[in-house]
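Each remark here refers to the structure printed beneath this line.
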Amino acid sequence: MSDKSPGAQQRNTAHNTAHNTAHDSGIQYITSGGDINVYPPGGPAEGAGSRRTAEPQGKERPARRRLVLLAAAAAVSATATAITLALLPSSPARTSTAGGSTRAASGASAHSTPLATPASPKTSVGGRPSSAPEAGTERPESGAAPSTVPGPGPDQGKEAASGSRAEDSRSAAVRRETWSESYPDGAVCAAGNRWTPAPGMTGVSFQPCTYAKSFSGNAQFGITVWNTSSRQVAVAVWVEYWMTKRRYDCSSPFPQDHVVIGPGETWSSPLGNCVLPDIKGETHRVQSRAGVSEEGGNPRNSRLEFSRGVDIYPDGRAVPVP
């Protein structure tokens with residue numbers, strides 16, 4: 001017989017019964033010593049042999065929850081990234097993203113699928129008009145720098161601009177025409193009213209002229225230049241005179257330079273610029289001799305022509321020579 005009392009035996013029996021129930025159902029029970037025993041269904045694991053208290057297990061569960069949450073968040077983020085990349089427009093720069101090339105994933109060769117063609121400058125992408133490329137540039141391929149059309153260098157541009165301005169100024173510039181004198185009736189010029197072409201010039205002819213008024217006692221000499229061209233011309237002129245087969249120079253301003261004549265116009269030098277005064281005594285034949293050159297030239301060394309002569313008699317009459 002047992003030495004324990006019937007009450008003690010009953011308590012032991014109840015304790016053993018609770019212990020066995022916790023072992024089968026995994027329910028925790030507090031022993032008489034204050035320990036908490038946890039048994040999974042079917043009994044404790046082989047080789048475990050150790051008791052797990054409530055405090056260590058309570059610390060492991062929150063850690064497991066954090067790991068599970070982090071893993072779930074990473075999965076959701078990866079899924080969202082994949083969906084976003086799938087919805088974006090195709091671009092050559094995105095063909096090789098994380099996870100491999102799009103073509104490689106589809107199993108197509110590198111040359112089987114053409115690259116996405118860039119949008120035209122005149123079309124719109126996503127409802128917004130795309131900006132047109134600057135003039136002189138070509139649309140570059142992906143990753144290539146735009147090629148520019150070579151233009152004139154700064155020196156060439158300056159030379160072209162200056163040459164254009166100079167040409168425009170020459171064509172548009174109209175110089176003030178030189179004042180012309182009208183010769184009086186009785187002035188005689190070249191024989192047969194002949195016009196002599198100016199050497200080296202196109203559309204320019206001239207005539208030497210002489211004027212002597214009866215009983216005036218003097219004679220005057222000049223030149224008339226005719227511009228038959230359709231443009232403005234500038235010339236230099238020379239005038240001298242002859243009396244009784246002797247040459248005499250006129251006083252200043254001959255030679256006269258920078259004589260500007262309009263198209264289709266004639267210009268006559270002032271007769272007062274070359275005067276022979278006080279003609280007396282015997283009969284004298286007087287006449288003008290003159291020539292023309294380009295502006296800045298030396299008309300004295302150019303072709304010189306005589307005008308018709310005028311005979312001045314001792315009684316003062318002036319008679320032109322036929």
Rounded to the nearest 0.5 Å, what separation is found between the CD atom of Q287 and the CG atom of D311? 9.5 Å
Would a 4.5 Å heavy-atom cut-off, applied to side chains only, mark P208 and R289 as touching? no
Side-chain touch V321/R308, heavy atoms, less than 4.5 angstrom: no
Under 3.5 Å, side chain of Y183 to main-chain N/O of S269, donor-acceptor pair present? yes
Step-by-step side chain to side chain contact (heavy atoms under 4.5 Å, CB included) determination, I261 to V225: CA-CA 8 Å; I261 309 170; V225 183; 3.6 Å; yes
Okay, side chain of S307, backbone of C209: is any donor-acceptor separation there less than 3.5 Å? no
Mind checking whether I223 and S268 have side chains closer than 4.5 Å, heavy atoms only? no
Please report the shortest heavy-atom distance between C274 and F254, naming the atom on each side. CB-CE1, 4.2 Å
Separation between CG of D257 and CD of E294, rounded to the nearest 0.5 Å: 11.0 Å
Non-hydrogen side-chain atoms of N273 and V239 separated by less than 4.5 Å: no
Heavy atoms of A236 and G297 approach each other most closely as CB-O, 4.3 Å
Will you find, in the side chains of S302 and S293, an N or O donor that is under 3.5 Å from an N or O acceptor? no
Does Q232 use its side chain to pair, donor to acceptor, with the backbone of R175 at less than 3.5 Å? yes
Q207 side chain to N193 side chain, donor-acceptor N/O pair below 3.5 angstrom: yes
Is it true that atom CH2 of W226 has more than 12 heavy atoms of other residues, nucleotides or ligands lying nearer than 6.0 Å? no
Give the minimum heavy-atom separation between S288 and G222, together with the two atoms involved. OG-O, 3.2 Å
Side chain to side chain contact (heavy atoms under 4.5 Å, CB included) between E265 and N227, worked out: CA-CA 6 Å; E265 300 291 333; N227 177 16; 5.6 Å; no
Locate the shortest heavy-atom distance separating R176 from V260; write the atom from each residue and the value. O-CB, 3.6 Å
Is there a donor-acceptor contact under 3.5 Å linking the side chains of E240 and W238? yes
Would you check, one step at a time, whether the test side chain to side chain contact (heavy atoms under 4.5 Å, CB included) holds for W242 with F306? CA-CA 9 Å; W242 286 61; F306 283 101; 3.4 Å; yes
Quick check for you: to the nearest 0.5 Å, what is the distance between Y211 atom OH and D185 atom CG? 8.5 Å
Tell me whether I279 is reachable from L271 by hopping between hydrophobic residues (I, L, V, M, F, W, Y) whose side-chain heavy atoms are closer than 4.5 Å. no
The reported gap from CZ in F206 to OG1 in T224 (rounded to nearest 0.5 angstrom) is 11.0 Å
Contact check, side chains of V237 and W267, non-hydrogen atoms, under 4.5 Å: yes
Please report the shortest heavy-atom distance between C250 and Y241, naming the atom on each side. SG-CD2, 4.1 Å
Non-hydrogen side-chain atoms of V286 and L276 separated by less than 4.5 Å: yes
Indicate yes or no: at least one non-hydrogen side-chain atom of R300 is less than 4.5 angstrom from one of D249. yes
Near R246 CZ, under 6.0 Å, is it more than 12 heavy atoms from other residues, nucleotides or ligands? no
Distance check, rounded to the nearest 0.5 Å: R303 atom CZ versus E305 atom CD? 4.5 Å
Any donor and acceptor pair, going by atom type alone, linking the side chain of S214 with main-chain N or O of A318 inside 3.5 Å? yes
N218 versus D278, closest heavy-atom pair with distance: CB-N, 4.4 Å
Side-chain heavy atoms under 4.5 angstrom apart, residues restricted to Ile, Leu, Val, Met, Phe, Trp, Tyr: same cluster for V259 and V292? yes
